[in-house]
Amino acid sequence: MAADLMARATEVREERAEFAVKGVPGTQGVVARAAPIAAAPIREVYDGEKKAALPGRGPVRTETTNNEPNDQEVTDAFEGAGDVFDLYSKEYGRNSLDDAGMTLISTVHHRRNYNNAFWNGTQMAYGDGDGQIFTPLSGSLSVIGHELSHGVVQFSGGLIYRDQSGALNESFADVFGVLTVQRKLGQTACEADWLVGDGILGPNIKGDALRSMKAPGLAYDDPLLGKDPQPYHMDLFVVTTSDNGGVHINSGIPNHAFYLFAQYLGGHAWEKAGHIWYDALQNLNNPHATFQDWAIQTMIEAANIHGSGTLEVAYLRRAWKLVGISV
Ligand code: ASN
Ligand code: ZN
């Protein structure tokens, strides 16, 4: 496995050699990261008016108009989309979800008492929650980053939304959801809370968030919401037919691997760790990928960026090992 991996890493390195920065001391053998781009987002927010039709009334907010300045959900969806755009453009050189500058369309006040948010393949939609289980879902930047990152997955070759590939799709969305928050707040891996969907649980719900990458399985435990079902290790992998084969459940495993890797590295998780995960998605070329396939791809990217004998590669191998995946 290790030999295969390193052979593939060499191949990838050669394929990309033309992009390497040449003649700059210290950059030999290091593939240049995608240069940050100066592009600006094009955002539109619509008011769903508690109905199911999309996109709804509007746009009520664009880059040049703001008809609903006192609507918190409109403001959150607009600004949050900008934070996600900035993460991808400034850190990974990606111009919007499709890397071709597509308009970021969001609908807030989607349906009545709707306890969810989603990317529908074209746009975002956020419910206001029922006030018991959830408050408006646009109130959490990690949720906004999560949902828009489903768009990035879609335009990067996709990960079929069931079983392990679906859990990888979910995990990628969680990773870049929390990275949006961490980058906005300037937090190190150590300072961050690693929560997805914090601040949107109803006032009486016993829990911190929807999911915890730091402690999968411990995000909430509540009579109304049940107990967080996420595993943090392959030994606890949940075999189920619900939730598309547990896509929001088993995502705890790759989520925790990312968390552990980022902790080993220290510093800003969106830099080294985020780059490796982003590159892995770009180069995976396998919509049916398993956790093992994904782990190998991240190892390829780590070796490609940092070199095969580096601490970064060793840390990553260790992180995967700790969640029960050998690479
Ligand atoms: N909020 C959920 C998600 O983005 C919606 C869904 O299950 N599709 O995963
Ligand atoms: Zn999701």
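Each ligand, and each atom within it, is numbered from 1 in the order the structure gives.
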Considering only NZ, NE, NH1 and NH2 on the basic side and carboxylate oxygens on the acidic side, decide whether [X] and [Y] come within less than 4.0 Å.
X	Y	value
Lys184	Asp83	yes
Arg211	Asp174	yes
Arg61	Glu44	no

Report summary line: The side-chain hydrogen bond (donor to acceptor under 3.5 Å, both in side chains) partners of Trp320 (sequence neighbours excluded) come to Thr298
Query raised in the report: When the ring planes of Trp294 and Phe172 are compared, do they come out parallel, tilted or perpendicular, using 30° and 60° as the limits?
Result: perpendicular
Query raised in the report: Do the ring planes of Trp119 and Phe155 sit parallel (below 30°), tilted (30 to 60°) or perpendicular (above 60°)?
Result: perpendicular
Requested in this report: Carefully, step by step, assess Tyr126 and Tyr114 under the rule ring-ring contact (aromatic ring centres under 6.0 Å, His included).
Outcome: CA-CA 8 Å; Tyr126 303 97; Tyr114 185 61; over 10 Å; no
Please produce the table of protein N or O atoms sitting under 3.5 Å from N or O atoms belonging to ligand 1, one pair a line, distance to 0.1 Å.
residue  : atom  : partner : partner atom : Å
ligand 1 : 1 (N) : Asn116  : OD1          : 2.7
ligand 1 : 1 (N) : Ala117  : O            : 2.8
ligand 1 : 1 (N) : Glu147  : OE2          : 3.0
ligand 1 : 4 (O) : His146  : NE2          : 3.3
ligand 1 : 4 (O) : Glu147  : OE1          : 2.7
ligand 1 : 4 (O) : Glu147  : OE2          : 3.0
ligand 1 : 4 (O) : His150  : NE2          : 3.3
ligand 1 : 7 (O) : His248  : NE2          : 3.4
ligand 1 : 9 (O) : Tyr161  : OH           : 3.1
ligand 1 : 9 (O) : Glu170  : OE2          : 2.7
ligand 1 : 9 (O) : His248  : NE2          : 2.5

Query raised in the report: Counting only protein N/O/S, how many atoms fall short of 2.8 Å from the Zn ion (ligand 2)?
Result: 3
Report task. Hey, could you give me each pair passing salt bridge (charged side-chain N to carboxylate O under 4.0 Å, His left out) that has a residue in residues 95-112? Not counting sequence neighbours. Result -> none
Report task. State whether the number of non-hydrogen atoms from other residues, nucleotides or ligands found under 6.0 Å of Lys321 atom NZ is greater than 12. Result -> no
